[in-house]
Student: 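So that we are looking at the same thing, I have put the structure below in structure tokens.
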Amino acid sequence: MPTDHQKPSTALFLFAHQDDEFGVFQQILNERLAGRQVLCAYLTDGASATVPASTRNEESLRVLGSLGIPPDGVIFAGEFLGIGDAKLPYHMLSVANWLQDTLLAYPGIDAIYFPAWEGGHHDHDALHAVAAHVSHQNGLGGSLRQFSLYNGKNCPGPFFSVLKPLPANGPSTKSVISMRNRLRFLRYCLAYPSQRVTWIGLLPFVLTHYLFKGLQELQAVSLQRLDERPHAGPLYYEKRKFFTWEQMQAELARFRP
């Protein structure tokens, strides 16, 4: 563990689920090329009735290893905190305490990335809220960047947009992904066999993004946005009847009374 004297510059990537890293493949590489230590953490165990946490952990470890992240640079915090997939909103205080301890243990953290406030998955939004609050409390508000995974803004029925940042979250900083890396990242998207049903839905959109856009997009983070519905109309997790905006507001109120 780094000491106060070393304080290596560290980029912390926070993910709700094993495979959420697909939203920042390029940024992980960018941070490594910049010479920063990269630390990745998952805040749910990712397990389901048919897939154990260990399987999902192994899938993400292989992908992150291909990006140059060693196993000791990956923390499966959700597993030892006992936070199940789709249960993160009910454990926001536990996540906040873990993040506070992590910021103290790694005093060189000066860049933090986490899923966008976009109404796609309730675990993503809950993690966003916790990370934004704790980071601002530690004077790191200017070091935060959010990345879009998927959301249902202006999408009919069960459809959704992938890797499409919401304008309400502010302007995006864009970096071009080389064609070589686009093909490389598409291969990584096939490296989560336990999640094949999910990726049947995601992959066509990710493929389209890499073919016609090919950008890594990041946005700054605002605490004020947490008082606002991510976007007008039904949120994706509401469409799927996983969670409601009213439930999210209630859990946020318990977390930050």
Side-chain angles (χ1 to χ4, degrees), residues 1-46 53-54 56-83 88 91-92 94-116 123-124 126-149 173 175 181 185 188 191-192 216 218-221:
M1 183 175 294
T3 67
D4 286 343
H5 296 295
Q6 294 171 316
K7 291 187 179 180
S9 180
T10 301
L12 174 62
F13 288 82
L14 301 174
F15 306 116
H17 314 111
Q18 298 87 331
D19 77 358
D20 286 349
E21 60 268 18
F22 86 88
V24 280
F25 284 153
Q26 183 62 51
Q27 192 59 30
I28 290 173
L29 285 181
N30 290 347
E31 291 293 358
R32 287 193 61 249
L33 290 171
R36 277 198 176 107
Q37 172 179 309
V38 172
L39 186 65
C40 298
Y42 297 88
L43 276 304
T44 72
D45 62 18
S54 58
R56 298 207 65 189
N57 294 348
E58 290 165 5
E59 289 172 351
S60 281
L61 282 172
R62 283 195 292 271
V63 171
L64 292 175
S66 297
L67 291 166
I69 309 303
D72 62 4
V74 185
I75 304 173
F76 296 106
E79 191 170 3
F80 63 73
L81 291 174
I83 303 175
L88 201 152
H91 297 273
M92 296 172 80
S94 294
V95 174
N97 291 336
W98 173 84
L99 180 54
Q100 181 63 52
D101 290 344
T102 300
L103 293 177
L104 292 174
Y106 293 85
I109 291 175
D110 53 9
I112 306 177
Y113 302 89
F114 45 85
D123 282 347
H124 299 166
L127 176 56
H128 179 104
V130 172
H133 269 281
V134 175
S135 300
H136 274 87
Q137 289 170 354
N138 284 270
L140 294 169
S143 302
L144 309 182
R145 293 295 180 270
Q146 59 183 312
F147 55 91
S148 174
L149 290 169
T173 300
S175 58
N181 277 345
F185 298 160
Y188 294 163
Y192 306 99
Q216 174 75 77
L218 300 166
Q219 295 167 294
V221 174

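Not measured: the values here are computed from a predicted model. Heads up: numbering here begins at 1 and tracks the sequence.
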Student: Considering only residues two or more places apart or on different chains, which pairs with a residue in residues 58-67 satisfy salt bridge (Lys or Arg N to Asp or Glu O under 4.0 Å)?
Tutor: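 Qualifying pairs: none.
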Student: What are the two closest non-hydrogen atoms of Ala132 and Phe114, and how far apart are they?
Tutor: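 Distance-wise, the nearest heavy atoms are N-CZ, 4.0 Å.
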Student: Give me the atom names and distance for the closest heavy-atom approach of Asp45 to Asn57.
Tutor: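 The answer is O-OD1, 4.4 Å.
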Student: According to salt bridge (Lys or Arg N to Asp or Glu O under 4.0 Å), who are the partners of Asp101, at least two apart in sequence or on a separate chain?
Tutor: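 Residues passing salt bridge (Lys or Arg N to Asp or Glu O under 4.0 Å) with Asp101: none at all.
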Student: With no hydrogens and no angle check, just 3.5 Å: does a side-chain donor-acceptor pair link Gln26 and Asn181?
Tutor: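 Indeed, the side chains of Gln26 and Asn181 share at least one donor-acceptor pair under 3.5 Å.
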Student: How far does CG of Leu103 sit from OG of Ser135, to the nearest 0.5 angstrom?
Tutor: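 Answer for the CG-OG pair, Leu103 versus Ser135, is 6.0 Å.
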Student: Mind checking the CD1-CG spacing from Ile75 to Leu12? Nearest 0.5 Å is all I need.
Tutor: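 Reported value, rounded in 0.5 Å steps: 7.5 Å.
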Student: So which atom in Pro115 and which in Leu14 form the shortest heavy-atom distance, rounded to 0.1 Å?
Tutor: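 Looking at all heavy atoms of both residues, the shortest contact is CD-O, 3.3 Å.
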Student: Residues two or more places apart in sequence or in another chain: which of them pass ring-ring contact (aromatic ring centres under 6.0 Å, His included) with Tyr113?
Tutor: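 Partners of Tyr113 under the ring-ring contact (aromatic ring centres under 6.0 Å, His included) test: Phe13.
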Student: Just by distance, no angles: are the side chains of Asp123 and Thr44 close enough, under 3.5 Å, to form a donor-acceptor pair?
Tutor: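 Short answer, no.
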Student: Are the side chains of Trp98 and Leu43 in touch, meaning some heavy atoms are under 4.5 Å apart?
Tutor: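 With C-beta onward as the side chain, the pair touches.
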Student: For the pair Gln216 and Thr173, evaluate side chain to side chain contact (heavy atoms under 4.5 Å, CB included) and give the outcome as yes or no after the intermediate values.
Tutor: CA-CA 8 Å; Gln216 174 75 77; Thr173 300; over 6 Å; no
Student: Compute whether any side-chain donor of one residue and acceptor of the other, for Gln100 and Asn138, lie under 3.5 angstrom apart.
Tutor: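 Yes, Asn138 and Gln100 have a side-chain donor paired with an acceptor closer than 3.5 Å.
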Student: Report yes if some heavy atom in the side chain of Val63 is under 4.5 Å from a heavy atom in the side chain of Phe22; otherwise report no.
Tutor: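 Counting from C-beta outward, Val63 and Phe22 never come under 4.5 Å.
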Student: Please report the shortest heavy-atom distance between Leu218 and Gln27, naming the atom on each side.
Tutor: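 Smallest heavy-atom distance, with atoms named: CD1-OE1, 3.4 Å.
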Student: Could you tell me the separation between the CD1 atom of Ile69 and the CG atom of Leu39, rounded to the nearest 0.5 Å?
Tutor: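 Result: 9.0 Å between the selected atoms.
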Student: Show, in sequence, the C-alpha distance, side-chain angles and deciding distance for Val24 and Arg145, and conclude whether the side chain to side chain contact (heavy atoms under 4.5 Å, CB included) test is met.
Tutor: CA-CA 11 Å; Val24 280; Arg145 293 295 180 270; over 6 Å; no
Student: For Leu67, is there any backbone N or O sitting under 3.5 Å from a side-chain donor or acceptor partner on Arg32?
Tutor: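 Pair found, side chain donor or acceptor close to backbone of Leu67.
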Student: Identify, with sequence neighbours excluded, every residue that meets ring-ring contact (aromatic ring centres under 6.0 Å, His included) alongside His133.
Tutor: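 Partners of His133 under the ring-ring contact (aromatic ring centres under 6.0 Å, His included) test: Phe255.
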Student: So which pairs with a foot in residues 10-27 pass salt bridge (Lys or Arg N to Asp or Glu O under 4.0 Å), sequence neighbours left out?
Tutor: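 Those involving residues 10-27 are Asp19-Arg56.
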Student: Starting at CG of Leu127, measure out to CD of Gln146 and round the result to the nearest 0.5 Å.
Tutor: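 Answer rounded to 0.5 Å: 11.5 Å.
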Student: Can you give me the closest heavy-atom contact between Ser9 and Arg36, atom names plus distance?
Tutor: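 Nearest pair, atom of Ser9 first, then Arg36: OG-NE, 3.0 Å.
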Student: Could you tell me whether the side chain of Gln18 and the main chain of Ser54 form a donor-acceptor pair under 3.5 Å?
Tutor: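 No; zero donor-acceptor contacts below 3.5 Å.
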Student: Phe25: what forms a ring-ring contact (aromatic ring centres under 6.0 Å, His included) with it, not counting sequence neighbours?
Tutor: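 Partners of Phe25 under the ring-ring contact (aromatic ring centres under 6.0 Å, His included) test: Phe185, Tyr188.
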Student: In Å, rounded to the nearest 0.5 Å, how long is the span from CG of Leu99 to CD1 of Ile112?
Tutor: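 Answer rounded to 0.5 Å: 6.0 Å.
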Student: How long is the span from the CG atom in Leu144 to the CD atom in Gln219, to the nearest 0.5 Å?
Tutor: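 So the CG of Leu144 and the CD of Gln219 are separated by 13.0 Å.
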Student: Just so I know, are the side chains of Val74 and Ser60 near enough to count as touching, which here means a heavy-atom distance under 4.5 Å?
Tutor: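 They are not in side-chain contact.
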Student: Is there a side chain to side chain contact (heavy atoms under 4.5 Å, CB included) between His124 and His17? Walk through the geometry before answering.
Tutor: CA-CA 9 Å; His124 299 166; His17 314 111; 3.3 Å; yes
